[in-house]
Enquirer: 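Quick one: the structure is below, and I'll ask about it shortly.
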Amino acid sequence: MTMPGTLTRPELTASDRCDRCGAAAKVRAVLPSGGELLFCGHHARTHEAKLKELSIDVQAGESV
């Protein structure tokens, strides 16, 4: 259930690109500051442990 006034982020699209290599983004990592990083599947797996360690909200796209 979404609370009134809650901000939601749009679904990843084909135009969203990995911040590391430019491939299609499959994962959005939402930083505590409100910023975000986009990763392809490869880079999401590479950085998965550190993202979990930092308790970063990781949102997978539909086709991960």
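Values in this document were obtained by computation on a predicted structure and should not be read as measured data.
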Enquirer: Ignoring hydrogens and geometry, is there a side-chain-to-backbone donor-acceptor pair from R28 to A25 under 3.5 Å?
Expert: no
Enquirer: Hydrophobic clusters here meaning ILVMFWY residues chained together by side-chain heavy-atom distances under 4.5 Å, can you tell me if L31 and L38 are in one?
Expert: no
Enquirer: Could you tell me whether the side chain of F39 reaches within less than 4.5 Å of the side chain of L51, counting heavy atoms only?
Expert: yes
Enquirer: If I compare all heavy atoms of R9 with all of G34, which pair ends up nearest, and what's the gap?
Expert: NH2-O, 2.7 Å
Enquirer: For atom CZ of R20, decide whether the heavy atoms of other residues, nucleotides or ligands shown that lie under 6.0 angstrom number more than 12.
Expert: no
Enquirer: Kindly give the heavy-atom pair with the smallest separation between V27 and A44, and that separation in Å.
Expert: CG2-CB, 3.6 Å
Enquirer: Atom CD1 of I56 and atom CD of E36: how far apart are they, to the nearest 0.5 Å?
Expert: 12.0 Å
Enquirer: Taking side chain as C-beta onward, heavy atoms only, is V30 less than 4.5 Å from Q59?
Expert: yes
Enquirer: Compare every heavy atom of D19 with every heavy atom of L37, then report the nearest pair and how far apart it is.
Expert: CA-OD2, 3.3 Å
Enquirer: Strictly below 4.0 Å, N to O, side chains only: are E48 and R45 in salt-bridge contact?
Expert: no
Enquirer: Drop me the distance from C21's SG to H42's NE2, to the nearest 0.5 angstrom.
Expert: 7.0 Å
